[in-house]
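Comments concern the structure below.
For reference, positions follow the sequence shown, starting with 1.
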Amino acid sequence: MSFSFISSANTLNFLTKYSYLFTNAFALIIGRFFKVGLFFYATVLGLSHVFKLKNPSPLVFLIGLVVLFYSLSLAQNYLEHGM
């Protein structure tokens with residue numbers, strides 16, 4: 001919905017700079033999501049090979065908890081966490 005608004009606003013030569021901001025912010029959020037997901041997957045797969053586990057499912061929960069508590073302790077507020 002917002003992208004259709006921005007594209008229609010772009011035809012009116014109105015808010016053209018905001019379309020770039022919206023596109024860059026969207027790409028940054030999606031990029032971070034896939035980057036964290038890839039690192040998480042690689043960590044679970046690597047540790048399952050190190051410990052020679054056939055089923056890495058228990059590691060997913062444990063490493064997820066470690067990442068959760070580490071991310072909560074790393075930043076004092078929401079603005080610090082987003083940077």
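- In this structure Phe34 satisfies the side-chain contact (heavy atoms from CB on, under 4.5 Å) test together with Ile30, sequence neighbours excluded.
- For Phe61, the side-chain contact (heavy atoms from CB on, under 4.5 Å) partners at least two apart in sequence or on another chain are Leu65.
- Val60 is connected to Ile63 through a chain of hydrophobic side-chain contacts under 4.5 Å among Ile, Leu, Val, Met, Phe, Trp and Tyr, so both are in one cluster.
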Output a table of donor-acceptor pairs, distance under 3.5 Å, between side-chain atoms of residues 35-44 and any protein atom two or more places apart or on a different chain; print 'none' if there are none.
unit_1	atom_1	unit_2	atom_2	d
Thr43	OG1	Phe39	O	2.7

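- One hydrophobic cluster holds both Val67 and Val50 under the rule that ILVMFWY side chains link at heavy-atom gaps under 4.5 Å.
- For residues 46-67, the side chain to side chain donor-acceptor pair (under 3.5 Å) pairs, not counting sequence neighbours, are Asn55-Ser57.
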